There are 2 protein chains.
Amino acid sequence: MKFTMAEENYIKAVYHLQHGQEVVSTNALSAELQTKPASVTDMLKKLKAKKIINYEPYRGVKLSAEGKKVALGIIRKHRLWEYFLVDKLQFGWDEVHEVAEELEHISSNKLIDKLDEFLGHPKFDPHGDPIPDSKGKIIAQPQEQLSRALLHTPVEITAVGSQSTELLELLKHKGLQMGTRLEVKKVFDFDGSLELRIKNQQVVTVSRELASVLFVKSL
Amino acid sequence: MKFTMAEENYIKAVYHLQHGQEVVSTNALSAELQTKPASVTDMLKKLKAKKIINYEPYRGVKLSAEGKKVALGIIRKHRLWEYFLVDKLQFGWDEVHEVAEELEHISSNKLIDKLDEFLGHPKFDPHGDPIPDSKGKIIAQPQEQLSRALLHTPVEITAVGSQSTELLELLKHKGLQMGTRLEVKKVFDFDGSLELRIKNQQVVTVSRELASVLFVKSL
DNA sequence: ACAAAAATTTAGATTTGTCTAAAAATAGAT
DNA sequence: ATCTATTTTTAGACAAATCTAAATTTTTGT
C-alpha cells in the first residue's frame, strides 16, 4: 500500500506517542503534528478506512499490526538517513533531524536497502536510537534515565528522548552528546536538578527536565 | 523563494523543453508532464505571478533569469543524486532516474553542497550530462549526435538525450552505455538506421530515432 | 449525580493541483 | 483571405489536507 507524506507523518506520530501510553489522543497528535484537532479527526478516519489504525470516535487510537510495520519502515528510513548525514556527509548530530524528516518519505525500497548496505548495516542512529532492520525488527533498548542514575557512578550517554532543535541546542551548549561519559555528583531535591562531572573535567548543572530525556548506560 | 514539488517539476520541464526552441508550448508541457493542457495553463499563471517565467496567453512560455537559476538548482540536485546512486550505492546507470526525480525535491542547500563535496565535485552525471556547480554554472557540452558521426571513426558515447525507461531498456539490450566505444560501419539511407561495431567486437543495428538521441565524442 | 470544563467530532470553507467540457484564439491550407 | 483544424484558455468541479466555529461527548470536581 502507498501513503501520502501527510499520512506517513500521522502514522509515525502515532507510533512515537504510543510508547508507554495504551492509546493516543486526538489532542496529543494535534500537538505533535502542529495541526488542529479537527484535522486530526479527519485523517484518523482516513487511516482507519485503510486499516492502518484502530480507532473509535472519542476512544483514542492505536496502530494496527499493519500500521506498526509501516511506522517501522518510515523510522528505518529516517534513522538510516541520519546516520548517512553524520557519518558520510559530516553533519553535526544535532543538525540532521529536519533533513531526515524530508528524506524519510523517499519511496524506493531498493534505495533504502542499498543505503543500509553502503553504511554497513548500522544498528543505532546518531542520537543513539536503534535502527529497525529490513524486516522491521528493532533492538529493544534497556534505557536508563539519567535522572535515575546512581551517584558517583560513571555512565555514558546513549540516547536523547527528543530531537527538538531546542533540546539539541541546549545539549551542545552544555557540552553533552552521544557517548559523553559523566558521573552524577549531586542531586538537588528542591528542583530535581543534577550536578554532573563530565569526563572528570568540567562540572555542569542540568535541570530535572533535561535529565529525564537523557538516557545512559553504566560503564 | 520556496516552491512546491509541482512547481519545481514545471520549472524543470520548461528548462528542458526550452533547449533549441525559442518558447515552449502549453501542449509540449502537457505531454512532458503527463497532465492536461488546462492544468498547464493554471500553473503557468501561478509561475508568472511568481516571476519565474515570462508568459503571455497563447504566446508560449520561457524561463525568466530567476527561473533559470531555480531550474539549474533542481537539475544540480537531480544529477548529483544520480551520481551518488551509481557511484556509491551501486545502482545501474539505467535505474536511477526515477529515484532521483524524488530526491531532487529535498530542500536543504547544505545537504546538496555536502553531498557535492562527498562525491568529489563530479562534473558529469552517469548519463553524461553536465552537473551545474553551486553558482548555477554548467559546462556547455559540444554534443555530437551519433547519427551525424563519420563512418569508420572511433567514438565514445558521452550522453543520452532522454532518461525514459524505454530508451534505457533498449540501450541495455543493445549493450550500449556511457563510455562505450564504437564506430559507425554503415548508414542505410532507406530508414536512416546505422550499423555499429562495438569495441571491434559485436555489430549492432540502431534505428535513426535511437541514433539521434545518442551523443558521442571522437577519440 | 450533575454541572462545568475539556476533549473530540461535525459542518462548512479554503488552498493546491488536477480534471472535463466548452469557448476563444491562432495557424494552416487552398 | 477565409475557413477549418489545432491549440490554448476559461469555467466549473473534485480530491486532499487543512482551517474555524459550532455541536457533541467524555471527564472531572464537588
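Please read all numbers here as calculations on a predicted model, not as lab measurements. Order of the sequence lines fixes the chain letters, A, B, ..., with proteins taken first and strands second; residue numbering starts at 1 for each chain.
Of all nucleotides listed (dT16(C), dT18(D), dA27(C)), dA27(C) comes nearest to the side chain of Arg59(B).
Lys88(B) places no side-chain N or O within donor-acceptor distance of the main-chain N or O of Val86(B), the cut-off being under 3.5 Å. Of the possible donor and acceptor atoms, one in the side chain of Ser64(B) sits under 3.5 Å from a partner among the backbone N and O of Lys51(B). Without hydrogens or angle criteria, Thr205(B) side chain to Glu195(B) main chain gives no donor-acceptor distance under 3.5 Å. A donor-acceptor contact shorter than 3.5 Å links the side chain of Lys48(B) to the backbone of Tyr55(B).
Straight-line distance from the NZ atom of Lys50(B) to the C1' atom of dT16(C): 11 Å, rounded to whole Å. Separating the NZ atom of Lys48(B) from the P atom of dT9(D) is a distance of 11 Å, rounded to the nearest angstrom. Protein atom CD of Glu7(B) is 9 Å distant from nucleotide atom P of dT16(C), rounded to whole Å. Distance CE (Met5(A)) to P (dT18(D)): 12 Å, rounded to an integer number of Å. We find that CG of Asn9(B) is positioned 14 Å from C1' of dT16(C), with the value rounded to whole Å. In this structure, CD of Glu56(B) is placed 15 Å from P of dA25(C), rounded to the nearest angstrom.
Annotated stems with DNA chain C as a participant read C:1-30 with D:1-30, given as range with range, by first number; only runs of 3 or more Watson-Crick or G-U pairs under 3.5 Å qualify.
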Working for side-chain hydrogen bond (donor to acceptor under 3.5 Å, both in side chains), residues Glu102(A) and Ser108(B) = CA-CA 9 Å; Glu102(A) 289 189 62; Ser108(B) 167; over 6 Å; no
Can you pull every protein N or O that's under 3.5 Å from an N or O on nucleotides 19-24 of chain C?
unit_1, atom_1, unit_2, atom_2, d
dC19(C), OP2, Lys36(B), N, 2.9
dC19(C), OP2, Ser39(B), OG, 2.6

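Listed by residue number, the members of residues 18-33 of chain A with any heavy atom below 4.0 angstrom from DNA chain C are Ser25(A), Thr26(A), Asn27(A).
Remark: the Ser193(B) side chain and the Asp191(B) side chain contain an N/O donor-acceptor pair separated by less than 3.5 Å. Between His127(A) and His97(A), the side chains place no donor N or O within less than 3.5 Å of an acceptor N or O (distance only, hydrogens not considered).
Counting heavy atoms of neighbouring residues, nucleotides and ligands inside a 6.0 Å radius, atom NZ of Lys217(A) does not exceed 12 of them.
For dT10(D), one of the phosphate oxygens OP1 or OP2 lies less than 4.0 angstrom from a side-chain nitrogen or oxygen of Lys45(B). One finds a side-chain N or O of Tyr10(A) lying less than 4.0 angstrom from the OP1 or OP2 phosphate oxygen of dT18(D).
Using bins of under 30°, 30° to 60° and over 60° for the plane-to-plane angle, the ring pair Trp81(B)/Trp81(A) lands in the perpendicular bin.
Between Lys2(B) and Glu7(B), none of the side-chain N atoms (NZ, or NE/NH1/NH2) sits under 4.0 Å from a carboxylate O, so this pair counts as no salt bridge.
Under the side chain to side chain contact (heavy atoms under 4.5 Å, CB included) rule, Leu72(A) has a single partner from Asp133(A), Ile138(A), Ile131(A), which is Ile138(A).
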